[in-house]
Amino acid sequence: MDTLNDLNLLFLRNLQTKYISTVYDLWFRDLVLVEMDDSHAVFSINSDFKRGVLEKKYSTVLHDAMEEVIGFPIEVTVVSNEQVEDPVDRILRQKREEEEKQAELAANAPPVQSEDEKFKQAIEGHSLVEEYTFGNFVVGESNKFAHAACWAVAACPSLGPSTGTRYSNAGEAGPDEPIFTYNPLFIHGPSGLGKTHLLYAITNEIKKKKSNVKIVYKKCEDFTNEMIGAIKSGTMSAFREKYRSSDVLLIDDIQFIAGKEATQEEFFHTFTALYESEKQIILTSDRPPKDINPLEDRLRTRFEWGLIADIQPPSEELRAAIIRQKAESMHVTVPEDAIAFLTESLQKDIRQIEGAIKKIAAISSITSTPISLDMCRRAIGDIVSGEEPAPVTVDRILKVVSEKFGVSCADIKGRKRSENIANARHMCVYLIRQLTSMSLMDIGAVFGRDHTTTINSIRKIEADKGNGNMDTLINELTEKIKA
Ligand code: ADP
Ligand code: MG
């Protein structure tokens, strides 16, 4: 909520600078930002009359003020919360009559969707989902628990007590084996480690076995956007029906529900309806339920009701296996030394590994050259350059300075006093002080001297600063050390 409050404040300040206080106090002062995502902002105001005026006379003003605050255009809606606590509840109520009418119409209307169409709707906008299967998900220590849990759910989703649609994964679980269901299944782990891949794999697996199961996959943010759209267009009943009639509901990146009160309220009811009819719910998040904040307690506890499985960053072994698998799937041959180099260099996540292999495969194909270690080095330069720089070490400083001054590291650390060696030593001391957090005493210890010698070295270099040559030298060495 803090972000909303902060934005609310900036928004009001923006308007305050544009209008005299009587106008500001009358129309804008009571605007409360209650919900926001990257395309909509919903404000509430304490009177229906004010809402009407804001909508008719000031909608461009509100829109522009919001754009000035956040830096991009966004749709602004004002709802009135006259006599009610939650403004979003208020519009929900206002729309109820319409919804009821629609529900009645829908109940009397002939069925409009075939099962096939239902499935298409379930995975709307995700034409690539079929690429992601259990077959091409590489399993290692770090993801095997999440993988096993997803596989179990795909093999045996909870599809309701009376639907008769429960099935076991024939051949893997015998008829006498108990069928376990994990509901909800909550998968969490940092970005790029395969959570969405697993959700798609579940979708594909269930679809393969039973095409009439209604699967709904949604990113949490899209759920919110769709809900806001439904509120505005008065189609909440269709929205609810869509989610509450699903057999398997998969919500990706549920952490985005944090702080969105109206979405939490709506999702709570969706969750409860599905859970009570024993329908399968699968959620992913970049963090465990306890770290999603602010989140209503009743949702947090529900997220923890079933099975929670985490995915950890991949080990070296898993990274190498994934590199091999991705190369194979792209029909390219990567020599062993290049695989070792990529395994060592690409530690961030699996999305990064995939990007690198795609790039290398493209270079190889465009230049008609087989993939080599050298090609990989050049190709991934820009991919890994955005990484955190390696911390500056004393050894690194000594090495760079020794190369520049043409003296050995042993001499720099030793007792020799020839001019070149002494200058190199002063420079090392100065750079260690500048580029690390070491104390004067600790720096002295590197050179077998006390802190007063360290101070002298630093003074000597500083005395020459401001002179172009010295400044250029310091810059050049610093750049090399940090490279
Ligand atoms: P997340 O949803 O956790 O951010 P994704 O599922 O989008 O991550 O994964 C990022 C990319 O890495 C996807 O293209 C996915 O196919 C791939 N990937 C992740 N984990 C694996 C794995 N274990 N085996 C093969 N590919 C993987
Ligand atoms: Mg994802």
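Atoms within a ligand are numbered from 1 in the order they appear, just like the ligands themselves.
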Please say which of Phe134, Tyr217, Phe137 ends up in a ring pair (Phe, Tyr, Trp, His ring centres under 6.0 Å) with Tyr200.
-> Tyr217

Can you figure out which of Gly140, Gly194, Pro314 has its heavy atom closest to atom 9 (O) of ligand 1?
-> Gly194

Let me have the donor-acceptor pairs involving side chains of residues 366-376, under 3.5 Å, with sequence neighbours excluded, atom names and distances please.
unit_1, atom_1, unit_2, atom_2, d
Thr367, OG1, Ile363, O, 2.7
Thr367, OG1, Thr369, OG1, 2.6
Thr369, OG1, Thr367, O, 3.0
Ser372, OG, Met375, N, 3.1
Asp374, OD2, Arg378, NH2, 3.2

Do any N/O/S atoms of Thr196 come under 2.8 Å of the Mg ion (ligand 2)?
-> yes

Atoms in ligand 1 with a heavy atom of Ser191 nearer than 4.0 Å | 4 (O)

State whether the number of non-hydrogen atoms from other residues, nucleotides or ligands found under 6.0 Å of Glu316 atom CD is greater than 12.
-> no

Report the nearest protein non-hydrogen atom to atom 12 (O) of ligand 1: residue, atom name, distance rounded to 0.1 Å.
-> Ile350 CG2, 3.3 Å

Could you check Asp252 against Thr284 for side chain to side chain donor-acceptor pair (under 3.5 Å), going step by step and ending with a plain yes or no?
-> CA-CA 5 Å; Asp252 208 356; Thr284 72; 2.5 Å; yes

Answer yes or no: does an N/O atom from Leu193 fall short of 3.5 Å to an N/O atom of ligand 1?
-> yes

Ranking Lys326, Glu354, Arg319 by closest non-hydrogen atom to atom 26 (N) of ligand 1, top hit is Lys326

Atom indices of ligand 1, in the order listed, that fall short of 4.0 Å to a heavy atom of Asn136 | 24 (N), 25 (C)

Validation row: Ser59, Leu54 side chains within 4.5 angstrom (heavy atoms) | no

Among all protein heavy atoms, pick out the one at the shortest distance from atom 16 (O) of ligand 1; state its residue, atom name and that distance to 0.1 Å.
-> His197 ND1, 2.7 Å

For ligand 1, does Asn143 get within less than 4.0 Å through its side chain, its backbone, both, or neither, judged by non-hydrogen atoms?
-> side chain

Identify, for atom 7 (O) of ligand 1, the protein heavy atom at the shortest distance, and state residue, atom and that distance.
-> Arg351 NH2, 2.9 Å

Does the separation of the ring centres of Tyr58 and Phe28 fall below 6.0 angstrom?
-> yes

Go through the side-chain N and O atoms of Ser80 and Lys50 and say whether any donor and acceptor fall under 3.5 Å apart.
-> no

Heavy atoms only: which of Thr133, Ile187, Thr284, Val138 is nearest to atom 23 (N) of ligand 1?
-> Val138

Regarding Arg377 and the six-membered ring of Phe341, is the cationic atom NZ or CZ under 6.0 Å from the ring centre and inside 45° of its axis?
-> yes

Ligand 1 and Gly192, any nitrogen or oxygen pair closer than 3.5 angstrom?
-> yes

